[in-house]
Amino acid sequence: MAFSLFLAAGALAALTLYYVIQWLIVCRRRHLMKKQHGCLPAKKLAQKDPFLGTDIVMQNLTAAKNYGFLDLLRTRHANNGLTFTTNTYFRTTINTCDPTLIQNVLSFQFQDFGMGPLRRKSASPLLGQGIFTTDDEIWSHQRALIRPSFVRAQVTEFSIFGHHVDQLISLIARRNYKVDLQQLFFRMVLDSNSEYMFGESVGLMSENASEAAHTFHHALDYAQQGTILRLRLGNLMFTHRDKKFRESCDTVHAYADKFVAQALEYRRSQDALPDEKKEREEGGGRQKYVFLNELAKDTSNPILLRDQIVNMLLAARDTTAGLLAFVFFMLARRPDVWDKLRADVLEHYCEPLTYEALMDMKYLRFVVNETLRLFPPIATNSRMANKDTVLPVGGGPDGKSPLFVAKHHVVTYSTFVMHRRAEFFGDDVEEFRPERWENLRPGWEFLPFNGGPRICPGQKFALTESSYTIARLLHAFSGIENLDPSDWREQLTLSLTLNNGVQCRLVPAA
Ligand code: HEM
């Protein structure tokens, strides 16, 4: 007995010694790495609790509850510069709005950073192994899979959107022109994107939308909120036990599975056709373009197809609907911009509206850019270091020295803060002034669609869909009256939207 105890104590001591030696080796290696690159530590945010960071976590939660999380970030950057660190749950986070640092993380040193296991774990019940949460080979395979589907010809084809904008205009008239436009944009974007992706619209805009459509819509919202909560809980994710969340994920998956089965059936029927007939059908453009059918040409794995399509649907809905909502939120408050934009639209408008006409609407582009600057739909984002690495900036009191980043440390970057820095956009950064885009040619300091290998593949699709919708609405309505005297209140879910929506009255064009 005594001998066994002695052996156990010896084994424990040896194990402890092993870990201490390993730790010393890592410390030594890191010390040399910092010395070799002349690294300096980044500024530290003053914290009362430097280990668990409970003060920071509480501040964040309170600010989020009061719709002021993004303003809190701005204040922290105003007081601490472009880059500073915080410690929460024994983990260091590098907070930055420095375009050079962001460019290094997303592009030059892409291989050193990833989404990290926490993001994967929190989102996997809804998003599975989709493109948003995966890294390395799995991610590059997914990216390669969707790339061919974003070809120019499909995105400039307005038949995808036209019918849904018609429905939006009719719905506004049915409601006596007094509406919350944000709510309607969410429905319209889901309708049009589901048609493009599944081949069949969810149909939320129609007067008699089906029970299944509403169930799917609610399940998607609930599953998304649960995913965000899990992301926020971070290491405490295990406390998230919500049966309705799991059921909502199942409902979303079951809805998508129906279309995956159809796509696989379509693939089998295509495979059975003689090559010559296949080419004739494709070349003649007789088939309606369905994103899922294109994906199914490259894989017959139903789970992979479902994960991809659910990821795409979420990526596309909130961001595009949010952009449209912020455009009209601003237009309702700026009659001068409304008038100028309407004049631009009417000058180039044609029936049916073409891609070329849309491209000629220069002021429309400025309005969209200015909205993306002030209200980037993905307002904050992050990456986790997958190895010890050195960034060329971020260290030292002025943030200009090289900065050491240890494996598993997180870089959080905020486009919302960066887009509102006077040194990048001028002293009138707070002002909604589309004209500034006449001469502005920003680089990494304007980043609504991300950059580097993980740049948003839907950028062109989103800009075309949004511009088309804006042009159609400005053609159909001659004025907009703001029915909400309050300023904007942030609602941060997976993307940035308006807590108070866009309450307005539209005036039909004569
Ligand atoms: C205004 C609208 C949009 C904005 C501002 C936007 C912005 C972004 C941003 C910032 C990312 C990077 C996320 C990250 O790396 O963490 C992203 C990724 C992505 N977006 Fe978009 N997006 C928009 C619309 C769309 C649309 C319409 C689609 C599809 C039709 C789409 C598909 C995707 C996909 C698949 C990814 C993941 C790319 C990857 O990880 O390789 N997005 N988007």
Side-chain angles (χ1 to χ4, degrees), residues 102 105-107 110 113-116 118-120 122-123 127 129-151 154-155 160-161 185-186 188-198 231 289-292 294-295 307-327 365 367-369 371-384 410-416 418-419 444 446-470 494-497:
I102 298 173
V105 170
L106 297 180
S107 180
F110 177 72
F113 294 89
M115 297 303 189
L118 219 57
R119 179 154 160 178
R120 229 173 342 270
S122 48
L127 300 179
Q129 291 263 304
I131 190 167
F132 260 106
T133 52
T134 46
D135 285 318
D136 306 320
E137 289 80 30
I138 304 183
W139 166 76
S140 42
H141 177 65
Q142 315 236 18
R143 184 90 193 188
L145 199 64
I146 62 167
R147 194 172 294 127
S149 306
F150 283 101
V151 289
Q154 308 304 336
V155 179
I160 308 167
F161 315 123
F185 286 142
F186 263 76
M188 185 201 75
V189 171
L190 186 61
D191 272 4
S192 75
N193 289 2
S194 53
E195 178 159 1
Y196 178 66
M197 290 178 197
F198 295 149
L231 270 169
Y289 182 84
V290 178
F291 192 89
L292 192 52
E294 294 303 301
L295 292 185
D307 287 349
Q308 285 289 11
I309 211 73
V310 172
N311 274 251
M312 294 285 294
L313 212 56
L314 270 184
R317 184 188 69 157
D318 293 26
T319 46
T320 312
L323 167 61
L324 283 167
F326 277 109
V327 166
R365 210 159 53 243
V367 168
V368 170
N369 273 351
T371 309
L372 287 169
R373 181 184 74 79
L374 281 172
F375 308 104
I378 309 287
T380 63
N381 207 338
S382 64
R383 293 290 189 263
M384 183 183 270
V410 173
V411 177
T412 293
Y413 57 97
S414 172
T415 44
F416 181 85
M418 184 165 74
H419 290 179
W444 279 75
F446 180 61
L447 214 56
F449 293 99
N450 224 38
R454 289 192 93 133
I455 192 169
C456 173
Q459 173 170 353
K460 196 172 165 88
F461 185 94
L463 290 176
T464 308
E465 181 172 20
S466 311
S467 305
Y468 175 82
T469 307
I470 299 167
L494 278 184
S495 68
L496 179 62
T497 52

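Counting starts at 1 for both ligands and their atoms, following the listed order. What you see below is based on every heavy atom in this structure, not just the backbone, and it leaves out hydrogens, waters and symmetry mates.
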Nearest-neighbour protein heavy atom for atom 35 (C) of ligand 1, which is reported as residue plus atom name and distance: Met312 SD, 3.5 Å
Trp139 N/O under 3.5 Å from ligand 1 N/O: yes
Nearest protein heavy atom with distance in Å, relative to atom 36 (C) of ligand 1: Pro457 CD, 3.5 Å
Residue-ligand contact Gln142/ligand 1, heavy atom below 4.0 Å: no
Minimum-distance protein heavy atom relative to atom 14 (C) of ligand 1: Asn381 ND2, 3.2 Å
Protein contact of atom 6 (C) of ligand 1 - nearest heavy atom, named by residue and atom, plus distance: Phe449 CD2, 3.6 Å
For ligand 1, the portion of Ala316 having any non-hydrogen atom under 4.0 Å away: both
N or O pair under 3.5 Å between Arg383 and ligand 1: yes
Ligand 1-proximal atoms of Arg119, by part, heavy-atom distance under 4.0 Å: side chain
Parallel, tilted or perpendicular: ring planes of Phe375 versus Phe326, cut at 30 and 60 degrees: parallel
Protein contact to atom 20 (N) of ligand 1 [nearest heavy atom, distance to 0.1 Å]: Cys456 SG, 3.2 Å
Non-hydrogen atom of Met115 closer than 4.0 Å to ligand 1: yes
Whether Gln459 lies under 4.0 Å from ligand 1, heavy atom: no
For Ala315, atoms of ligand 1 separated by under 4.0 Å from a heavy atom: 24 (C), 25 (C), 31 (C), 32 (C), 33 (C), 42 (N)
From Leu372, Thr319, Thr415 - option closest to atom 23 (C) of ligand 1 by heavy atom: Thr319
Close approach, Lys460 and ligand 1, non-hydrogen under 4.0 angstrom: no
